[in-house]
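Numbers for residues simply follow the sequence, beginning at 1. Just so it is clear, the values below take in all heavy atoms, side chains as well, and ignore hydrogens, waters and symmetry mates.
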Amino acid sequence: MPWRSSYSTVPSTPEDWLTRWDLTRDGPPNETASSVVVDVQTEQGPAVLKIATCEEEVRGAAVMEWYSGHSAARVLAREANAVLLERAEGPRDLGEMARSGQDRDATIVICDIVTSLHACTGAGPRPALVPLKRWFLALETHAAESAIFRMAHETARRLLDTPDNEAVLHGDIHHGNILDAGNTWVAIDPKGLIGEAAYDYANLFCNPDHETATQPDVFRTRVKDVCEHAGLDRDRLLAWILVHAALSACWSIDDSENPETALAVAGMAAADLKR
């Protein structure tokens, strides 16, 4: 597999990348809001070609390379805005587990992966990362719109001004971003942030779907399990859940999407913090 780091004469289409890296397509390209993804075959086996269409995805690919296969899908090649990842094809699905009575098992898997990612020392110099404070700018712009946004903004300022246990953060941990790789689980699609390690556990609470995430019993069991398995302080975790869920709701509003799930999770976190 060729490795090139130069940005000159960069391919511009999936077909160009297939030729450049001698890949065989397994299916049609899938376009998302931030990338073009193609299942491919390589000499080393099945892989995924991902072509970023925004800077966030380019940064995420650099973090994937830095993980060097440590609890993350292995990078086979990376150049410019493209990355080639080993494909995880196991049948297990954390979202389906959560929906079928195995939510606690899924939560423990997620905790183990996050803890392992945070312990990664990386391959080579650490890539450029976005400070968590910058990540929360959207919450500041919505702070005056409701009591929950105001509370979340005030809580975020307190958390961000008193960081504890800083780590390289994945930034988008949820059930769909941890895949079955056969005898293990691997993470994909990091955002490439830096900040308090506890933040990386907050996003799982808004997932995998509205029905699961908004059940009070599921929420409180998850809080208990994450605190136990990740060694986190309960109120600190609840505070991060509140601010992340509120931030997610702000993003949904800005994108003209439904913020209902995120607002429900933020509300449950806020209520438990007040007890």
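- Applying the salt bridge (Lys or Arg N to Asp or Glu O under 4.0 Å) rule to pairs touching residues 207-217 yields Arg99-Asp209, sequence neighbours excluded.
- Partners of Asp172 by salt bridge (charged side-chain N to carboxylate O under 4.0 Å, His left out), not counting sequence neighbours: none found.
- Placement of Val48 and Val40 in two distinct hydrophobic clusters is found when ILVMFWY residues are connected by side-chain heavy-atom separations under 4.5 Å, directly or transitively.
- Hydrophobic clustering of Ile, Leu, Val, Met, Phe, Trp and Tyr side chains at less than 4.5 Å, counting indirect connections, unites Trp66 with Val130.
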Please step through side-chain contact (heavy atoms from CB on, under 4.5 Å) for the pair Gln44 and Leu76, ending with a clear verdict. CA-CA 9 Å; Gln44 296 144 290; Leu76 304 177; 4.1 Å; yes

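- Applying the salt bridge (Lys or Arg N to Asp or Glu O under 4.0 Å) rule to pairs touching residues 50-60 yields Lys50-Glu57, Lys50-Asp189, Glu56-Lys191, sequence neighbours excluded.
- Under the ring-ring contact (aromatic ring centres under 6.0 Å, His included) criterion, His175 pairs with no residue at all, not counting sequence neighbours.
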Identify all side-chain donor-acceptor contacts of residues 258-265 below 3.5 Å with residues at least two apart in sequence or on another chain.
from	atom 1	to	atom 2	distance (Å)
Asn258	OD1	Glu260	N	2.8
Thr261	OG1	His210	ND1	2.8

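- Between the side chain of Ser35 and the backbone N or O of Ala52, no donor-acceptor pair lies under 3.5 Å.
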Considering only distance and modelled atom types, tabulate donor-acceptor pairs under 3.5 Å from the side chains of residues 115-128, sequence neighbours left out.
from	atom 1	to	atom 2	distance (Å)
Thr115	OG1	Cys111	O	2.9
Thr115	OG1	Tyr201	OH	2.9
Ser116	OG	His70	NE2	3.2
Ser116	OG	Ser71	OG	2.5
His118	NE2	Asp200	OD2	2.9

Quick one: do Asn203 and His244 satisfy side-chain hydrogen bond (donor to acceptor under 3.5 Å, both in side chains)? Show the steps, please. CA-CA 7 Å; Asn203 191 38; His244 172 76; 2.8 Å; yes

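- The side chain to side chain donor-acceptor pair (under 3.5 Å) contacts involving residues 146-156 comprise nothing, where partners must be two or more places apart or lie in separate chains.
- Judged as a side chain to side chain contact (heavy atoms under 4.5 Å, CB included), and not counting sequence neighbours, the contacts of Arg234 are Val223, Cys227, Leu238, Asp272.
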List, one per line, each side-chain donor-acceptor pair under 3.5 Å for residues 158-169, sequence neighbours excluded.
from	atom 1	to	atom 2	distance (Å)
Asp161	OD1	Lys133	NZ	3.2
Thr162	OG1	Arg158	O	2.7

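- Under the 3.5 Å distance criterion, the side-chain polar atoms of Arg92 are matched with a main-chain donor or acceptor of Gly182.
- Considering only residues two or more places apart in sequence or on other chains, Pro131 meets the side chain to side chain contact (heavy atoms under 4.5 Å, CB included) condition with Arg134.
- Remark: Arg25 engages Glu15, Leu18, Pro29, Val38 in a side chain to side chain contact (heavy atoms under 4.5 Å, CB included) (not counting sequence neighbours).
- For Glu140, there are no salt bridge (charged side-chain N to carboxylate O under 4.0 Å, His left out) partners, not counting sequence neighbours.
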